[in-house]
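Working notes for the structure below.
To find a chain, count down the sequence lines: A is the first, B the second, and so on, and within it residues start at 1.
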Amino acid sequence: MSLKVYNTLGRKKVEFSPLRKGRVGMYVCGVTVYDYCHIGHARSVLVFDMIYRYLKAKGYKVIYVRNFTDIDDKIINRANQEGVDFREVSERFIGAFYEDMDALGVERPDVEPKATEHIKEMIEMVRGLVDRGHAYTVDGDVYFDVMSFSDYGKLSGRSLEEMKAGARIEVGEKKRNPLDFALWKASKSGEPAWESPWGLGRPGWHIECSAMSMKYLGETLDIHGGGLDLIFPHHENEIAQSEAYTGKPFCLYWIHNGFVSVEGEKMSKSLGNVLLIRKMVKEYHPEALRLFLLSTHYRSPIDFSRKGLEEAKGAMNRLYRTLEAIEEVGVSKEDPISEEGKEVAARLKEKREAFFAAMDDDFNSALALAKVFEGAREMNRFLKESGESYEEKARVAGVFMELVGPVKGVFGILRVTPQNWFKGIKELPMSVEEIERLIQERQEARRVKDWARADSIRDELKAKGIVLEDKPKGTIWRLA
RNA sequence: GGCGGCAUAGCCAAGUGGUAAGGCAAGGGACUGCAAAUCCCUGAAUCCCCGGUUCGAAUCCGGGUGCCGCCUCCA
């Protein structure tokens, strides 16, 4: 099956065909480590985590690079406020980043370069740009000359003329053109600085991604990703400086994820509605967060809300209930033998194919997930309505699990046992022993048909958020 | 002001030319001591509006309205 992706460069869905057959070089703009990550960062990371996992599931040999911007104005400002070295700030938030991503179950990229460890490569590139006449020096700053790059604007769909007409950009005295951007900045006293041919200074923001991506992936990348806010100016500038430097296409496919709003509003510090990942994972199971963030197509905007998250949790419950029901019959690797079993198995296989077809269509995770839910219903129905033997049900369950496998791998959900899922992530209101004692007491009441007593125990537990379900094999409990 | 995107049931969300997926919620039924869960059934006559193309449009084209993003740091 062939994969199609929406390429921001050209703004249409196109056949995905990497530079080298079977291999993919993928670079995604990481975070600037000056503060804790929020739900918007989570979406971006999760979207590309999904893409990375899916490419691997399709058999591509992927090299995934995601950087850390660990030198930048915002980091310096924070360090100054706290009166500490900028490295202390960047290291602290790199640590926090890993805590958050681990909590979300995000896979580690193959390479995670830091800007400060690639100053040499950046200087080399800036020097090359100056030599080729694409950059000029003013008082220790080096600027890229956008007029020297005729394709400037091809990613964001703007022309230099249009942008000048915009005129919201002030002409800095130093720059020849308001759109010229800094490749290297002379440092002010007291700021972090590195030796360079232009004196002490530090790299501009855009140059790091070009230098690091090319170092690890070569001069032409297959995929470059990031949030859609990065299209301009960041990615536009990366293209300009990279292609001016190498004379080759910088990246074949540009992929950008949509934004997250919160309860209908833009997330911003001034509105005070920034939702930090570390806070969210304490309230909601990471898999519910993943499902929520991945159940909207990656390019569409998504509005984060309590209600939406509760729904995602409910949807996860549904899938875990199916897995729980399967545990009762077991999973067999053999092919179904009954008429009905074969039919259901065939439909389940169709769901699996539809899952891959959906993902092949520009990573349509919402559609792919729908196929999983359809599969779950198919499975539930067979488990409950069919008069077939447990052995036959186990064989069909085996087919269903072949759909669950890719779901686990690509979306990073359904990775815990149903028991663990239903225990939730919050503190129990009472001890497990206590709960089980009450269940026993209720069983005894039920046995002697003392329904009033039995129901009052159930109501009592329910009031504390513990729900009882009477199954053929006994009563189980779960956290609401 | 310039550039780009989105607008589908109560809510979330697929669908980009041929009688509108899926999830949540709602109603009815089966099951249950009663529930819960599960299964079955029901549910969109403006697919934002107005024109146009077409045998046929949610889907293509033009215009409009609303919302969002970018143009300055931003996932």
Side-chain angles (χ1 to χ4, degrees), chain A residues 8 11 13 28-32 34-35 37-48 72-74 77 153 156-159 161-170 179 205 225-234 236 256-261 264-269 291-292 295-297 299-303 305 307-319 321-322 324-325 354 358 361 364-377 379-386 446 449-452 454-455 458-459 462 467-472 475-478 480:
Chain A
T8 306
R11 299 189 190 276
K13 227 187 264 183
V28 174
C29 289
V31 293
T32 299
Y34 73 103
D35 206 344
C37 287
H38 52 64
I39 204 76
H41 295 111
R43 183 185 195 191
S44 183
V45 171
L46 244 24
V47 161
F48 291 102
D72 161 277
D73 287 344
K74 293 190 289 292
N77 290 154
S156 52
R158 312 151 194 248
S159 67
E161 287 311 308
E162 280 167 3
M163 286 186 276
K164 265 188 275 184
R168 269 182 58 187
I169 306 155
E170 285 171 31
L179 292 161
W205 175 38
L228 93 211
D229 56 320
L230 297 180
I231 294 171
F232 191 89
H234 186 50
E236 192 69 71
H256 294 95
N257 66 276
F259 258 49
V260 179
S261 55
E265 288 184 309
K266 177 176 175 161
M267 182 165 55
S268 74
K269 286 187 178 170
L291 183 76
F292 177 78
S295 58
T296 298
H297 184 92
R299 284 190 279 118
S300 302
I302 184 169
D303 185 45
S305 65
K307 189 163 171 280
L309 243 231
E310 287 298 336
E311 285 182 9
K313 184 181 163 190
M316 286 304 305
N317 282 344
R318 186 173 169 75
L319 296 178
R321 276 186 192 113
T322 301
E324 189 175 58
D361 185 14
N364 192 337
S365 52
L367 220 207
L369 250 3
K371 298 304 158 191
V372 180
F373 285 100
E374 289 171 19
R377 172 186 286 142
M379 191 67 231
N380 287 335
R381 186 187 298 147
F382 186 71
L383 250 19
K384 178 169 186 210
E385 308 294 332
S386 162
R446 290 179 72 206
K449 297 197 182 340
D450 181 358
W451 308 124
D455 289 351
R458 187 169 61 196
D459 291 344
K462 190 176 181 186
V467 181
L468 299 187
E469 291 183 20
D470 297 327
K471 300 270 185 179
T475 298
I476 62 163
W477 62 274
R478 52 182 49 141

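Under the 3.5 Å distance criterion, the side-chain polar atoms of A:D361 are left unmatched by any main-chain donor or acceptor of A:N364. Checked by atom type and distance alone, the side chain of A:S44 never pairs as donor or acceptor with a backbone atom of A:H41 at under 3.5 Å.
Here the side chains of A:I302 and A:F292 are in contact, with some heavy-atom distance below 4.5 Å.
At the phosphate of B:A36, neither OP1 nor OP2 sits under 4.0 Å from any side-chain N or O atom of A:R321. Under 4.0 angstrom from either OP1 or OP2 of B:U72 there lies no side-chain N or O belonging to A:K74. Put simply, A:N364 has a side-chain N or O that comes within less than 4.0 Å of OP1 or OP2 on B:G15. Side-chain nitrogen and oxygen atoms of A:R478 include none within less than 4.0 Å of the OP1 or OP2 phosphate oxygen of B:A37.
Judged by distance alone with a 3.5 Å cut-off, no donor-acceptor contact links the side chain of A:R158 to the base of B:G4. Judged by atom type and distance alone, A:D455 reaches the base of B:G33 through a side-chain donor-acceptor pair under 3.5 Å. At a cut-off of 3.5 angstrom, the base of B:C34 holds at least one donor-acceptor pair with the side chain of A:D470. Looking at A:R318, its side chain has no donor and acceptor atom pair within 3.5 Å of the base of B:C24. Contact annotation: side chain of A:R458 to base of B:A35, donor-acceptor pair present below 3.5 Å. For A:E311 against B:G23, a side-chain N or O and a base N or O form a donor-acceptor pair under 3.5 Å.
Between the CG atom of A:L468 and the P atom of B:C34 there is a distance of 17 Å, rounded to whole Å.
A distance cut-off of 5.5 Å between ring centres, combined with a plane angle under 30°, places A:W451 in a stacking arrangement with the base of B:G33.
Both distances falling under 3.5 Å, in either a Watson-Crick or a G-U wobble arrangement, place B:G27 opposite B:C41.
Ion pair A:E374/A:R377 not flagged as a salt bridge, since none of the NZ, NE, NH1 or NH2 atoms sits closer than 4.0 Å to an Asp/Glu carboxylate oxygen.
The shortest heavy-atom contact between A:V31 and A:C37 is CG1-SG, 4.1 Å.
Contacts of A:K449 with the nucleic acid, taken as non-hydrogen atoms under 4.0 Å apart, are absent.
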